[in-house]
Colleague: 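After the structure tokens below, expect a handful of questions from me.
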2 protein chains.
Amino acid sequence: MRPGLEPERRDAARNRELLLRAARELIEECGADGLTMGTLAQRAGVGKGTVFRRFGSRAGLMMTLLSDAEAHFQGRFMFGPPPLGPGAPPLERLIAFGEERIAWVLEFGELARAADVSAYNRFDVPAAVLWHRHLEMLLREAGVTTDPWLMATSLSAVLEPERILHAVRVHHIAPERLAASWRELVSRVVRGA
Amino acid sequence: MRPGLEPERRDAARNRELLLRAARELIEECGADGLTMGTLAQRAGVGKGTVFRRFGSRAGLMMTLLSDAEAHFQGRFMFGPPPLGPGAPPLERLIAFGEERIAWVLEFGELARAADVSAYNRFDVPAAVLWHRHLEMLLREAGVTTDPWLMATSLSAVLEPERILHAVRVHHIAPERLAASWRELVSRVVRGA
DNA sequence: GATCAAAACGGACTGCGGTCCGCTTCTATT
DNA sequence: AATAGAAGCGGACCGCAGTCCGTTTTGATC
């Protein structure tokens, strides 16, 4: 989490733990949208400035809270067992990627939404870039030769947390139906190649 | 714009014109993101409460500013000449819809982003619902029988202003390349039917 | 023209994310 | 143990969207 060689000062480390613990508690109680930076500071017993020094912004805090789940997911599709991980045919990996991503969004989506940096560069956070590259690679392997980069962009758009949560929570679409639609979409994209 | 039968009071009408004029000026000068409700009130010479009474929220104001362009676009794909309007084969209409929508986003996208109600129901504003229904209808006509509703959702996701603007402004993707990718995507989706 | 209720007005106020800067606490060095 | 300066701290402060409510304007009725 902190890649730097120089160690963290003891008070800083203690405050970070305090803040993360308090943040998880607050999210448990009020949901991610109900967490405010002021309340968090108060609950953790530190000043508001400390919260922002640690995490930069509200979105940064949410990204930190997500990073475990994110790293786990990344590990699975990059190094884990097929069909999500390497070893399966690309179309099957694409299908598995979407299915797993939908499940992931249903579990962590609220946090993921809160972690979206408002502004343009929400698509340039490392995790999003990695997902995009992964999709692009699978498309290439599956024989999609016409602009796989943009095609990966389109597929990423389909899997956005905001849309998925909206479909499930507002329109009561069953997750399995989302997965089926994803299978259909990605099959047609690849088969047309 | 105001569908009610009961007419608007004179002062209210005058202030609305004042506000719309001032808003357009400010957006000209500072961009949509640079417009603040306080500045707008000041520029128009009214109180801040009046601004919110008129438009409900910042997003509501932006939607009002967009409504002309939106109505024009809607008229074109519903009643205008083919291939965008009725008369052409569905695949051609789908292709034309995406192409025109990309062009529309490049012209009005900043406003459209500012008009997005933060929260879940951004997809349930009338214009978004109409676009979605239109896509779904074209998909059905083109022979897509497996869950056209969700397929239309996916295609809508691909055309979101935020992504398109990001691709063009940050990654310097040429609009024509976006259009080509859309053609490819939608052709494959339909041909797989 | 006087009257009056409803509609609209305006600006002080709240709560939020985020910044700033003088003060405190740590740790490396001697 | 003394010291120095870097790292961290805290909370007053800012600008913003949005709310509230006492005051003013409007236009239908008489």
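Scope of the values below: all heavy atoms of this structure, side chains included, with no hydrogens, waters or symmetry mates. Throughout, protein chains are lettered first and strands after them, A, B, ... in sequence-line order, and every chain is numbered starting at 1.
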Colleague: Roughly how far, to the nearest 0.5 Å, is CZ of A:Arg54 from CG of A:Leu20?
Modeller: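 Taking CG in A:Leu20 and CZ in A:Arg54, the distance rounds to 10.0 Å.
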Colleague: Is the shortest side-chain N/O distance from A:Asn15 to OP1 or OP2 of D:dC9 below 4.0 Å?
Modeller: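 Yes, within the criterion.
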Colleague: Side chain of A:Lys48 only, heavy atoms from C-beta on: which candidate in D:dC13, D:dC16, D:dG18 is closest?
Modeller: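 Selected nucleotide: D:dC13.
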Colleague: May I ask you to check whether over 12 heavy atoms, not counting those of B:His171, lie within 6.0 Å of atom NE2?
Modeller: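 Yes, because the 6.0 Å sphere around NE2 of B:His171 holds more than 12 heavy atoms from other groups.
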Colleague: What's the CZ-C1' distance between B:Arg14 and C:dG10, to the nearest Å?
Modeller: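 Computing the B:Arg14:CZ to C:dG10:C1' distance gives 13 Å.
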Colleague: Taking 4.0 Å as the cut-off, does a side-chain nitrogen or oxygen of A:Arg54 come that near to OP1 or OP2 on D:dC9?
Modeller: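 Result: yes.
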Colleague: Taking CD in B:Glu17 as the centre, count heavy atoms belonging to other residues, nucleotides or ligands within less than 6.0 Å. Is the count above 12?
Modeller: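 Yes, because the 6.0 Å sphere around CD of B:Glu17 holds more than 12 heavy atoms from other groups.
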Colleague: Evaluate the side-chain proximity of A:Glu28 to A:Arg24: yes if any heavy-atom separation is below 4.5 Å, no if none is.
Modeller: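 The answer is no; the side chains never approach within 4.5 Å.
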Colleague: Rounded to whole Å, how long is the line connecting atom CZ of A:Arg53 with atom P of C:dC21?
Modeller: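 It works out to 14 Å between those atoms.
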Colleague: Between A:Glu8 (CD) and C:dT25 (P), how many Å, whole number?
Modeller: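 It is 18 Å, rounded to the nearest whole Å.
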Colleague: Quiz question: going by heavy-atom distance under 3.5 Å, is there a donor-acceptor pair between the base of D:dA7 and the side chain of A:Arg9?
Modeller: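 Side chain to base: pair present.
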Colleague: Whole angstroms only, please: what is the CG-P distance between A:Asp11 and C:dC26?
Modeller: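 Going from A:Asp11 (CG) to C:dC26 (P), I get 5 Å.
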Colleague: Counting only side-chain N and O atoms of B:Thr50, is one of them less than 4.0 Å from OP1 or OP2 of C:dA8?
Modeller: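 For B:Thr50, the contact criterion (side-chain N or O under 4.0 Å from OP1 or OP2 of C:dA8) is not met.
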Colleague: Between A:Val46 and B:Gly56, which has a closest nucleotide on DNA chain D that is more 5'?
Modeller: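 Residue closer to the 5' terminus by nearest nucleotide: A:Val46.
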Colleague: Less than 4.5 Å apart, any side-chain heavy atom of A:Trp182 and any of A:Leu155?
Modeller: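 When only atoms from C-beta onward are counted, A:Leu155 and A:Trp182 do touch, with a gap below 4.5 Å.
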Colleague: Rounded to whole angstrom units, what separation is found between the CZ atom of B:Arg58 and the P atom of C:dC16?
Modeller: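 In whole Å, C:dC16 P and B:Arg58 CZ are 20 Å from each other.
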Colleague: Please classify the nucleic acid contact of A:Leu35 as base, sugar-phosphate, or nothing, using heavy-atom distances under 4.0 Å.
Modeller: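 A:Leu35: backbone/sugar contact only, no base atoms under 4.0 Å.
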Colleague: When you measure only distances, ignoring hydrogens and angles, does the side chain of B:Arg10 come within 3.5 Å of the base of D:dT25 through a donor and an acceptor?
Modeller: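 Check fails, no donor-acceptor contact within cut-off.
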Colleague: In this structure, how many angstroms lie between the P atom of C:dG18 and the CG atom of A:Leu40, rounded?
Modeller: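 These atoms are roughly 13 Å apart.
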Colleague: From CZ of A:Phe55 over to C1' of C:dG17, roughly how many Å is that when rounded to an integer?
Modeller: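 The answer, rounded to whole Å, is 16 Å.
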Colleague: Just how far, in rounded Å, is P of D:dA17 from CG of B:Asp33?
Modeller: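 Atom CG in B:Asp33 sits about 11 Å away from atom P in D:dA17.
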